[in-house]
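Side chains included, hydrogens not; waters and symmetry mates left out as well; all remaining heavy atoms used.
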Amino acid sequence: MTRYVISGVLGHDDRYRPKAEEDEVVARLELLNTGGHLAFGVDRTLMQMAAMSLSPTAIGVDLITLAALVHAADTRVSRLQTSQDGWTRELSIVVPVSDPDRWNAAVPTLDRMLRFLTGDLWRVRFRALAGMRPGASRVPRVIRREDFDGVSLFSGGLDSLIGAIDELKGGGRPLFVSHGGEGGVSGPQRRLFRTLDSLGISKRPLARVRLGMVIPHNVFEGIAAENSTRGRSFLFIALGIFAGTALKKSFTLRVPENGLISLNVPLDETRLGSNSTRTTHPFYIHRWNELLDKIEIDATIENPYWNRTKGQMVAECVDADALQKLAPMSVSCAHPSTKRWSAGSESHCGYCLPCIIRRSSLQKAPWTPKDETGYAVPDLTAEIMDTNKAKGRQIRGFQFTIARLAENPELAKLWIYKPGSLAEDAAKVPDLVRVYEDGMAEVAELLKGVRAAPLDQRSE
């Protein structure tokens, strides 16, 4: 099996080339743009931060550089072409950093968390910078020093919207951080944030930094891109920590995600392990906090909604009026870019897993009409869903799982462990079981009357 190695380099004067071992293919990835500043959108983000008189630390820049290389390896090495089992790849990255000794101490943690996240075999190596890193900071164009009390991820989804409303209503002053590499997300994300700001929930204008990272497609000659993107949350969280280091104080990075999606228990045996995303799974969050300790960044990552379903988040949002206005603008769909090829203007397909959970959660809204989201399939009961196609596949999975839970409720206590270990969260297990059961009950209520063939045919 071939290992694909991406070595990050900093300009033409950086002559470093890792020695290729047997069965390794090495590619050099230029980390600087033509102007000599950090590429892939990082320099633009640095300029946004400079406008707020914020400059990340050297270790923070190391982290976003690491994240760019992880993102490149994850998205530019096809699983179909390079894996023996159709999934598992051998990936390696070489990262130029300011303090190799500090980063080398974190290698076991990085290998463990990346393997858990993507299902691949990773080898992460660090080397010293060849001289000073160009473009690592920017001189502030406008002195507008802000006193942020933490960092919050803002994806443009319903969960991050509720997290933002709750935090702002509670008097928080977060620096919001977004990733906008997906074309179907960037525009709605920007409009949602501007509208949230215009509501005046906070007495001061909201502040956000954004990174739109796009990696070239031809990293390895003859190797296609990969669209499973299981490693994308490494980039999202790294971006939040990178920005947070500019606060020059201890901080918390809030990653709002409902407990059902956070656990993400697979609906069937074909989606075990990393075939099901693990972006905020408790095990993964623990590994991030372990990593921060190893590289000596004084920060903590937390998911404030780990013990609540998406429906409970909607029902308990502290400003229902604001949420009612903004919820239709949020984007939860797993494939938001597909609307570019559809005839309608709907922002959601209506039948992917996140759409189903979104639809079920908005039934808990304390307003009417409850759900004004534009769905390509507005009525799930209008036709028999073909489970051999995408339109019915997730519905079939939910129905199958809900039926099994109805027959044997004790299965919930076993299934929550399927995505990963919860040994570090033993005291939380009863709440995790409850949030899983409650979340599936919300979906079961939504799917009453929904027919999916051949599942329904087999159950007759």
Side-chain angles (χ1 to χ4, degrees), residues 44-45 47-54 140-180 185-212 236 239-240 243-244 246-247 249 251-258 302-305 308 310-332 336 347-348 358 361-362 364-374:
R44 183 174 296 180
T45 302
M47 288 190 287
Q48 293 173 14
M49 294 173 67
M52 292 178 267
S53 198
L54 294 174
R141 295 174 297 171
V142 179
I143 302 300
R144 197 185 86 195
R145 186 66 188 177
E146 303 281 3
D147 185 22
F148 299 109
D149 56 14
V151 181
S152 291
L153 294 192
F154 187 86
S155 67
L158 187 57
D159 286 6
S160 74
L161 171 61
I162 293 170
I165 292 172
D166 287 352
E167 190 167 6
L168 293 171
K169 288 292 287 187
R173 177 60 177 161
L175 173 64
F176 290 103
V177 174
S178 302
H179 178 262
V185 171
S186 295
Q189 184 188 85
R190 181 173 56 252
R191 289 189 292 273
L192 178 62
F193 189 79
R194 287 177 178 173
T195 308
L196 173 64
D197 191 14
S198 72
L199 295 182
I201 298 174
S202 173
K203 294 180 180 179
R204 292 180 288 182
L206 306 186
R208 180 175 75 123
V209 295
R210 175 186 172 276
L211 173 64
F236 300 166
L239 175 58
L247 304 185
K249 62 182 180 181
F251 67 94
T252 297
L253 171 64
R254 290 164 54 96
V255 185
E257 186 85 87
N258 71 84
E302 66 175 34
N303 174 10
Y305 301 101
R308 279 183 264 182
K310 202 180 192 83
Q312 290 164 353
M313 289 178 66
V314 169
E316 297 168 10
C317 179
V318 297
D319 192 335
D321 291 339
L323 183 59
Q324 182 180 7
K325 293 174 185 175
L326 297 170
M329 301 176 64
S330 64
V331 177
S332 303
S347 59
H348 292 70
R358 175 192 177 94
S361 72
L362 285 170
K364 301 294 185 181
W367 60 76
T368 303
K370 294 181 178 297
D371 189 356
E372 297 185 280
T373 307

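In this structure, the side-chain contact (heavy atoms from CB on, under 4.5 Å) partners of Ser160, at least two apart in sequence or on a different chain, are Phe154, Ser155. When the side-chain contact (heavy atoms from CB on, under 4.5 Å) test is applied to Pro174, the partners found at least two apart in sequence or on another chain are Asp149, Ser152, Glu167, Leu168, Phe176. In this structure, the side-chain contact (heavy atoms from CB on, under 4.5 Å) partners of Ala365, at least two apart in sequence or on a different chain, are Val314, Trp367, Lys370. Every residue was checked against the side-chain hydrogen bond (donor to acceptor under 3.5 Å, both in side chains) condition with Asp197, not counting sequence neighbours, and none meets it. By the side-chain hydrogen bond (donor to acceptor under 3.5 Å, both in side chains) test, Glu302 is found to be paired with no residue, residues two or more places apart in sequence or in another chain being considered. Listed by chain and number, the residues in a salt bridge (Lys or Arg N to Asp or Glu O under 4.0 Å) with Lys249 are Asp147 (sequence neighbours excluded). Remark: Gln312 pairs with Arg308, Thr309, Glu316, Arg434, Asp438, Glu442 by the side-chain contact (heavy atoms from CB on, under 4.5 Å) rule, at least two apart or across chains. Checked against side-chain hydrogen bond (donor to acceptor under 3.5 Å, both in side chains), Arg44 has no partners two or more places apart in sequence or in another chain. Not counting sequence neighbours, the partners of Asn258 by the side-chain hydrogen bond (donor to acceptor under 3.5 Å, both in side chains) test are Asp159.
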query: Can you list the steps and then say if Ser347 with Met329 is a side chain to side chain contact (heavy atoms under 4.5 Å, CB included)?
result: CA-CA 9 Å; Ser347 59; Met329 301 176 64; over 6 Å; no
message: As a quick check of understanding, evaluate side chain to side chain donor-acceptor pair (under 3.5 Å) for Gln189 and Arg194, giving each step before the final call.
response: CA-CA 9 Å; Gln189 184 188 85; Arg194 287 177 178 173; over 6 Å; no
- request: Check the pair Glu372 / Leu362 against side chain to side chain contact (heavy atoms under 4.5 Å, CB included), numbers first and verdict last.
  value: CA-CA 9 Å; Glu372 297 185 280; Leu362 285 170; over 6 Å; no
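Note that CG of Leu211 is 10.0 Å distant from OG of Ser178, once rounded to the nearest 0.5 Å. If you take CD1 on Ile165 and OG on Ser202, they are separated by 13.0 Å, rounding to the nearest 0.5 Å. In this structure, Met313 CE and Leu158 CG are separated by 7.0 Å, a value rounded to the nearest 0.5 Å. Note: Asp321 CG to Leu199 CG = 10.0 Å, rounded to the nearest 0.5 Å.
In terms of heavy atoms, Leu192 sits closest to Gly156 at CD2-O, 3.6 Å. For Ala164 against Leu196, the heavy-atom pair with the smallest separation is CB-CD2, 3.9 Å.
A donor-acceptor pair under 3.5 Å is formed between the side chain of Ser186 and the backbone N or O of Gly180. One N or O on the side chain of Asn303 and one on the backbone of Glu257 form a donor-acceptor pair closer than 3.5 Å. Side chain of Thr45 to main chain of Arg210: a donor-acceptor pair is present (N/O by atom type, distance under 3.5 Å, no hydrogens or angles).
Residues Leu206 and Ile201 form no side-chain contact, since every pair of their non-hydrogen atoms from C-beta on lies 4.5 Å or further apart. Between Leu153 and Arg254 the shortest side-chain heavy-atom distance does not fall below 4.5 Å. Looking at heavy atoms from C-beta onward, Ser332 lies in side-chain contact with His348 at the 4.5 angstrom threshold. For the pair Tyr305 and Asp166, the minimum side-chain heavy-atom distance is below 4.5 Å. Proximity of Val209 to Leu239: side-chain heavy atoms (C-beta onward) are nowhere separated by under 4.5 Å.
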